[in-house]
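Chain letters run A, B, ... following the sequence lines, proteins first and then strands; every chain starts at 1.
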There are 2 protein chains.
Amino acid sequence: MDRKNLQDTAPRLPIGALSRRTGCNIETIRYYEKIGLLSAPARSDGGHRLYGYGHLMRLGFVRRARELGFTLDEIRALLRLAEDRDRPCTEAREVAVVHLTDIRTKIADLQAMESVLAETVVRCADGKTPECPLLETLFGSIDPSARPPAG
Amino acid sequence: MDRKNLQDTAPRLPIGALSRRTGCNIETIRYYEKIGLLSAPARSDGGHRLYGYGHLMRLGFVRRARELGFTLDEIRALLRLAEDRDRPCTEAREVAVVHLTDIRTKIADLQAMESVLAETVVRCADGKTPECPLLETLFGSIDPSARPPAG
DNA sequence: TCTTGAACCTGTAGCCGCTACAGATCCTAT
DNA sequence: ATAGGATCTGTAGCGGCTACAGGTTCAAGA
């Protein structure tokens, strides 16, 4: 990989080819351009987008970052850091660490859901309860001391 | 809890009180009504919503199901099953099992993200690589000084 | 009774990250 | 020249809320 080529935007690929090469939907590519995540490419005489190697690199970056769950805003920041080569590592790492914390929180939340549900489904299956354990769980009891919504 | 009281909609609680007792945002309560998840309550002479015990139960149900990650459509189905008391358990269980599968898939996806990111952040931290390992990962490069991806 | 001001009303628009059209135009192979 | 695939712009929708704006109603205190 040669990051200098990020600047190489010599027009070669129409949007369909870029889509096939990156696995990114055509509509999504146009969306990324609209929100300023991908720079506007050159155009053919008829107005069709023509992308260069730099676009291919950037879009690949975006896609891989999305696969790791980064938000588009985080990716925007990472792309800026990738272009400014002076002190990216510390800051890039910070973005990743924050994101890692988010991911771990989500995993914990989902695992909590999973265990409640798995246990409930098992109780449903053993057919020993007259009522449906799942529905009973969901009806629960209203906590009269519940706090008002914040804000 | 007494599910028969789901039909009890004798007007007592204004929306703010319902909000406090369920922990559900006022705007969200109105939203649930708009999309037909909560039935429209009685109104005062001036047009203020007045909720009964049935609404309290239903909204509690909805909230708890949301906490377990059910979608509003799934909750709609569960509420129908909760009202039709003939053969709810099997079907309710099916909804839960499908949802459980979703949750487990999400957990697996997040754990895959977590391990890639955690490993990358560690490489960032040890400062042995000249390039930023995070950005290299996102660019999809093969770092010649790095070992092939461990299994 | 009158007056505050908190609670409530309706309606609309925004958030994220796409996706799905419609209806027009372009590009390329025959 | 023509067919038909690729691309264009623009708008609207998804889920599940949240945040206003600009108005009305309710309940407690003077």
Side-chain angles (χ1 to χ4, degrees), chain A residues 11-38 40-51 55 59 61-79 99 102-103 106 109 113 148-151, chain B residues 11-38 40-51 55 58-59 61-79 98-99 102-103 106 109 113:
Chain A
R12 274 181 282 270
L13 295 168
I15 198 166
L18 184 66
S19 168
R20 278 187 298 277
R21 291 247 229 149
T22 56
C24 181
N25 211 310
I26 287 179
E27 323 274 30
T28 305
I29 297 174
R30 285 197 286 250
Y31 170 72
Y32 287 166
E33 179 183 332
K34 195 167 89 184
I35 63 166
L37 200 61
L38 230 53
R43 298 278 185 145
S44 74
D45 288 349
H48 286 198
R49 290 170 179 82
L50 292 174
Y51 294 93
H55 289 108
L59 187 51
F61 185 103
V62 172
R63 286 277 95 191
R64 266 181 296 276
R66 287 294 298 138
E67 276 162 22
L68 290 176
F70 286 98
T71 67
L72 295 184
D73 267 357
E74 287 167 335
I75 296 171
R76 224 187 289 269
L78 290 174
L79 275 170
H99 180 52
D102 285 356
I103 288 178
K106 274 180 194 148
D109 288 350
M113 291 180 198
Chain B
R12 273 181 282 269
L13 296 169
I15 198 166
L18 185 66
S19 168
R20 279 185 299 277
R21 294 187 63 171
T22 56
C24 180
N25 213 312
I26 288 179
E27 323 274 28
T28 305
I29 297 174
R30 285 198 284 249
Y31 170 71
Y32 287 165
E33 179 183 331
K34 195 167 88 183
I35 63 166
L37 199 61
L38 230 55
R43 299 277 186 146
S44 73
D45 288 349
H48 287 197
R49 287 172 181 81
L50 292 174
Y51 295 91
H55 289 110
R58 270 182 87 101
L59 186 52
F61 185 103
V62 171
R63 288 277 95 191
R64 265 181 298 279
R66 287 295 299 137
E67 276 161 25
L68 290 175
F70 286 99
T71 66
L72 296 183
D73 267 358
E74 287 168 335
I75 295 171
R76 225 187 288 268
L78 289 174
L79 275 169
V98 168
H99 180 52
D102 286 357
I103 288 178
K106 274 180 193 148
D109 289 350
M113 293 179 197

Rounded to whole angstroms, how far apart are CD1 on A/I75 and P on C/dC16? 13 Å
Is there a donor in the side chain of A/Y51 and an acceptor in the side chain of A/R21, or the other way round, less than 3.5 Å apart? no
Between C1' on D/dA6 and CD1 on A/I29, what's the gap in Å once rounded to a whole number? 13 Å
Using atom types as modelled and distance alone, determine if a side-chain donor or acceptor of A/T28 lies under 3.5 Å from a backbone N or O of A/C24. no
Between B/R49 and C/dT10, is there a side-chain N or O to OP1/OP2 distance below 4.0 Å? yes
With B/Y32, the side-chain contact (heavy atoms from CB on, under 4.5 Å) member among B/N25, B/I75, B/L59: B/L59
Check: B/S19 side chain, B/I15 main-chain N or O, donor-acceptor pair, under 3.5 Å: no
To the nearest 0.5 Å, what is the distance between CZ on A/R66 and CG on A/L72? 5.0 Å
When you check every protein heavy atom under 4.0 Å of nucleotides 15-29 of chain D, what one-letter string (B, S, -) results, 5' to 3'? -BBBBB----SS---
Just the rounded figure in Å: distance from C1' of C/dA7 to CG of B/L13. 14 Å
In whole angstroms, the gap separating C1' of C/dG17 from CD of A/E33 amounts to 17 Å
What nucleic acid atoms does A/I26 come within less than 4.0 Å of, heavy atoms only: base, sugar-phosphate, or nothing? sugar-phosphate
To the nearest Å, how far apart are A/D102 CG and C/dC16 C1'? 14 Å
Between B/R58 (side chain only) and B/L37 (backbone N and O only), is there a donor and an acceptor less than 3.5 Å apart? yes
